[in-house]
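The next block holds one structure in the form of structure tokens; read it before the comments.
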Protein chains: 2
Amino acid sequence: MRGSSGTEGSRRATVTDVAKLAGVSTATVSRVLNRNYPVAGETRTRVEAAMEQLGYVVNAHARALAGASGRTVGIIVHDVVDPFYAYIARGVEQQAAQGDRLCLVCSTHGDPKRELAYIDLMHERRADAVIVVGGSVADRTYTSELARRARQLDEGGSKLVLCGRPSLGDRAPTASVEYDNEGGAFAITDHLLTQGHERILYLGGPPNLSTTRDRLAGHRRALELRGVTPDPRLEQPGAFSRAFGWRRLTELLKEKLEFTAVFAANDIVAAGALQALEEAGVRVPQDVSLVGYDDVPVAQELRPRLTTVHVPLEEMGRQAVRLAVPPGEDDDWREPMAGTLRLGTHIVVRDSVAPREQKRRRT
Amino acid sequence: MRGSSGTEGSRRATVTDVAKLAGVSTATVSRVLNRNYPVAGETRTRVEAAMEQLGYVVNAHARALAGASGRTVGIIVHDVVDPFYAYIARGVEQQAAQGDRLCLVCSTHGDPKRELAYIDLMHERRADAVIVVGGSVADRTYTSELARRARQLDEGGSKLVLCGRPSLGDRAPTASVEYDNEGGAFAITDHLLTQGHERILYLGGPPNLSTTRDRLAGHRRALELRGVTPDPRLEQPGAFSRAFGWRRLTELLKEKLEFTAVFAANDIVAAGALQALEEAGVRVPQDVSLVGYDDVPVAQELRPRLTTVHVPLEEMGRQAVRLAVPPGEDDDWREPMAGTLRLGTHIVVRDSVAPREQKRRRT
DNA sequence: ATGAAAGCGCTAACAT
DNA sequence: ATGTTAGCGCTTTCAT
């Protein structure tokens with residue numbers, strides 16, 4: 001077998017090779033490639049045969065350099081295996097594919113520096129859009145760096161899209177897809193309140209992340225509205241991980257902190273919390289009620305099935321792409337959609353919440 | 001704010017602009033960009049200042065066209081939200097990032113035609129490696145199309161990597177990372193057999209997929225070795241979805257099919273099966289034992305916690321990249337690793353299997 | 001240490 | 001309908 005490792009023999013075929021073999025000009029080859037211009041049927045056949053014979057594969061770099069779009073959208077997440085991000089990524093990918101685009105995907109693992117670096121990398125690739133997903137840290141220099149990139153991208157005709165985080169305001173030309181994070185938190189805390197719970201432990205989520213701040217804000221607003229005085233001990237942010245949920249709650253249980261319900265910052269944290277409760281012999285929901293956030297599939301696998309807030313993850317991903325690139329099949333340049341979008345959330349009631357009255361073991 | 005939408009005003013800055021502003025040649029700009037060649041400190045500073053001032057962002061397409069690698073690896077999965085693929089993707093991404101590469105990711109949703117089309121798209125992008133993940137269908141023309149692409153890629157100095165599927169043999173120049181699929185299935189069926197189960201229902205997995213065939217093969221081998229006659233009614237492939245697991249098992253239960261254990265084709269199917277069992281009032285593991293495959297996180301959330309086969313997903317992803325591109329930090333061209341790799345699997349015993357003797361409700 | 005110039009493979013005017 | 005040609009933005013000999 002030939003060419004078993006790159007450096008020898010047959011160079012890749014180019015339009016010139018194809019043109020030569022087919023006895024036409026490179027322009028003609030380009031035309032059959034792009035089906036944009038009339039080409040005689042017989043010529044087309046000849047060119048296609050030549051391509052086939054040469055195993056010709058068009059060079060997207062050359063094409064992009066010559067003026068065409070790179071047909072790429074970039075997406076930057078914390079972690080591709082986290083279902084929150086995975087579902088958004090799925091929406092992005094789906095919508096991108098519909099516009100005949102490929103996705104560049106990368107993970108920052110929560111490091112804002114990496115996020116900025118990846119934006120640059122994607123800009124270098126001339127992505128049509130760069131979508132940064134998930135909460136952002138509240139940090140002056142980070143924010144202004146981000147804004148700077150938004151401007152750079154925009155000047156080059158690309159778009160920075162914020163997905164699931166607050167807009168940068170008019171400080172920068174971005175599109176953004178948000179969801180009613182605060183509202184969802186309000187609603188589910190209210191749900192707990194309605195069931196008679198007042199000592200609600202808020203557990204998990206990086207304290208500096210916009211996501212956490214918004215959820216916490218909704219939580220507090222609900223508390224206030226019912227005249228429940230917030231207890232700082234009951235606010236225990238930390239991380240968005242199962243391990244954190246388990247560990248912190250285990251400690252808290254050991255410390256005999258009093259609460260009748262747990263509001264986990266997301267479903268993953270809830271899974272960890274549930275394990276901690278289970279191990280401590282605390283029954284859910286009879287002894288303690290538990291809710292999560294996001295409504296990712298694991299919520300349905302937990303026992304009891306988790307009451308949580310549904311977030312339209314996949315839809316957010318799709319909209320993020322729509323906001324930045326023309327949705328049509330072909331290359332038509334009808335302007336992309338609006339500049340900012342806010343999707344709704346709603347609570348999904350399952351089996352992890354019970355009225356406070358049923359409890360016996362805790363206050 | 002300027003340039004709010006592409007088509008107007010300031011074109012993107014190029015090396016030429018930078019060179020002009022810094023009062024040097026484009027060659028010099030290129031040199032400071034790549035840090036490959038000596039450049040006077042003072043010159044470098046001046047060039048960097050110019051870049052900063054112009055908001056210069058190098059064009060990766062031009063760079064790639066001029067001969068550099070595109071620093072991209074492509075990965076093709078069935079679905080990015082399926083944890084089996086997500087974890088492999090994570091490994092790929094991680095290893096790619098280590099080599100300073102970005103990942104192109106796309107989903108076929110199980111359609112081989114799309115898979116082939118995506119390979120082409122990635123080839124057009126001149127990806128250093130194209131990694132196709134997951135089982136493959138047994139289809140003559142598909143296989144030869146795949147082989148053809150492997151050859152094309154190889155001639156161009158890229159590599160097609162098969163991850164989690166059988167190699168194409170010497171029909172084509174590919175690298176491949178497999179895992180002991182058959183062995184894992186053998187082991188877990190044997191585990192069931194050891195507990196006294198003989199009527200084991202194999203549930204789920206597309207029948208035409210290599211993954212299913214291998215798992216089923218291991219399952220049958222274990223059965224044979226113990227002299228258990230296989231009952232065709234007990235082999236119920238179908239799909240790799242929770243919905244399938246639930247639906248099919250619900251039907252089977254209704255038909256009073258007799259079995260004392262269920263071997264779900266993967267953990268997701270197991271989740272569906274567990275729900276069906278639960279709804280039918282069948283206790284797991286007292287009445288029926290249940291096992292899965294893959295050992296993805298949901299296995300630990302199910303109640304009872306699922307006994308399953310661990311597959312080194314992330315590691316597979318990492319190795320897939322190593323096989324195709326030089327692992328080093330920098331561009332050194334020490335040859336990539338071996339051509340084919342087979343990783344081990346092992347069973348993880350949790351709480352979803354009990355000895356047959358304990359049962360009362362079913363034979 | 002730096003500059004000049006020749007491409008890399010393709011597309012898009014502009015001719016014919 | 002098809003051919004000619006001039007770039008796109010960068011890297012890279014080859015000079016100096």
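Letters A, B, ... are given to chains in the order of the sequence lines, protein chains preceding strands, and every chain is numbered from 1. Note that the structure is predicted; figures quoted are calculated from it, not measured.
Within the 4.0 Å cut-off from OP1 or OP2 of C/dC8, not a single side-chain nitrogen or oxygen of A/Asn59 is found. Applying the 4.0 Å criterion to OP1 and OP2 of D/dG3, one finds that A/Thr28 has a side-chain N or O inside that range. Contact annotation: B/Tyr37 side-chain N/O to D/dT13 OP1/OP2 distance is not under 4.0 Å. The side chain of B/Thr43 places an N or O atom within less than 4.0 Å of a non-bridging phosphate oxygen (OP1 or OP2) of C/dT2.
B/Ala40 comes within 4.0 angstrom of sugar-phosphate atoms only, judged by non-hydrogen atoms across all strands, and of no base. At a threshold of 4.0 angstrom between heavy atoms, the contacts of A/Val24 are confined to the sugar-phosphate backbone, with no base atom among them. Residue B/Gly41 is classed as having no contact, given no heavy-atom separation below 4.0 Å to the nucleic acid. Note on B/Thr14: only backbone sugar-phosphate atoms sit closer than 4.0 angstrom, heavy atoms only; bases stay farther off.
Proximity of a side-chain donor or acceptor of B/Asp111 to a complementary backbone N or O of B/Thr108 within less than 3.5 Å is not detected. Side-chain atoms of A/His61 come within 3.5 Å of backbone atoms of B/Arg125 as a donor-acceptor pair (strictly under, hydrogens ignored). Side chain of A/Thr45 to backbone of A/Gly41: a donor-acceptor contact under 3.5 angstrom is found. In this structure a side-chain-to-backbone donor-acceptor pair under 3.5 Å is present from A/Arg12 to B/Gly156. The main-chain N or O of A/Gly110 is never found under 3.5 Å from a side-chain atom of A/Arg114 such that the two would form a donor-acceptor pair.
Whole-Å rounding puts the B/Leu33 CG to D/dT12 C1' distance at 14 Å. Between A/Asn34 atom CG and C/dA13 atom P the separation is 13 Å, expressed in whole Å. At whole-Å resolution of the value, NZ in B/Lys20 and P in D/dG9 are 12 Å apart. Here the P atom of nucleotide C/dA1 and the CZ atom of B/Arg46 are 15 Å apart, to the nearest Å. The separation between A/Arg63 atom CZ and D/dG9 atom P is 18 Å, rounded to whole Å. Computed from coordinates, the A/Arg35 CZ to D/dT2 P distance equals 15 Å when rounded to whole Å. Rounding to whole angstrom units, NE2 of residue B/His61 and P of C/dG9 are separated by 16 Å. Nucleotide D/dG9 holds its P atom 10 Å from the OH atom of B/Tyr56, rounded to whole Å.
If B/Ser25 and A/Leu65 are placed on DNA chain C by their nearest nucleotide, the residue sitting closer to the 5' end is B/Ser25. The residue among B/Ala62 and A/Asn36 whose nearest nucleotide of DNA chain C lies closer to the 5′ end is B/Ala62.
Closest approach to the B/Ala66 side chain among D/dT2, D/dC10, C/dA5 is made by D/dC10 (side chain taken as heavy atoms from C-beta onward). In the set D/dT4, C/dT2, D/dC10, D/dC10 carries the atom at the smallest distance from any side-chain atom of B/Val58. The side chain of B/Ala27 approaches C/dG3 more closely than any other nucleotide in the set D/dA1, D/dG3, C/dG3. For B/Val15, whose side chain is taken as the heavy atoms from C-beta onward, the closest listed nucleotide among C/dT2, D/dC8, D/dC10 is D/dC10.
Using a 4.0 Å cut-off between charged side-chain N and carboxylate O, A/Glu155 and A/Arg151 make no salt bridge. A salt bridge links A/Glu42 with A/Arg46: the closest approach of a Lys/Arg side-chain nitrogen to an acidic carboxylate oxygen falls below 4.0 angstrom. The pair B/Glu93-B/Arg90 does not count as a salt bridge, with every side-chain nitrogen at least 4.0 angstrom from each carboxylate oxygen.
With the end axes of the helix from C/dA1-D/dT16 to C/dT16-D/dA1 each set by five pairs, the angle from one to the other reads 30° at 10° resolution.
Residue-to-nucleotide contacts include no donor-acceptor pair under 3.5 Å from the side chain of B/Arg126 to the base of C/dG9. At a cut-off of 3.5 angstrom, the base of C/dG3 holds at least one donor-acceptor pair with the side chain of B/Arg31.
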Original post:
Between B/Met51 and B/Val29, is a side-chain contact (heavy atoms from CB on, under 4.5 Å) present by the stated rule, with each step listed?
Top reply: CA-CA 9 Å; B/Met51 288 176 165; B/Val29 175; 3.8 Å; yes

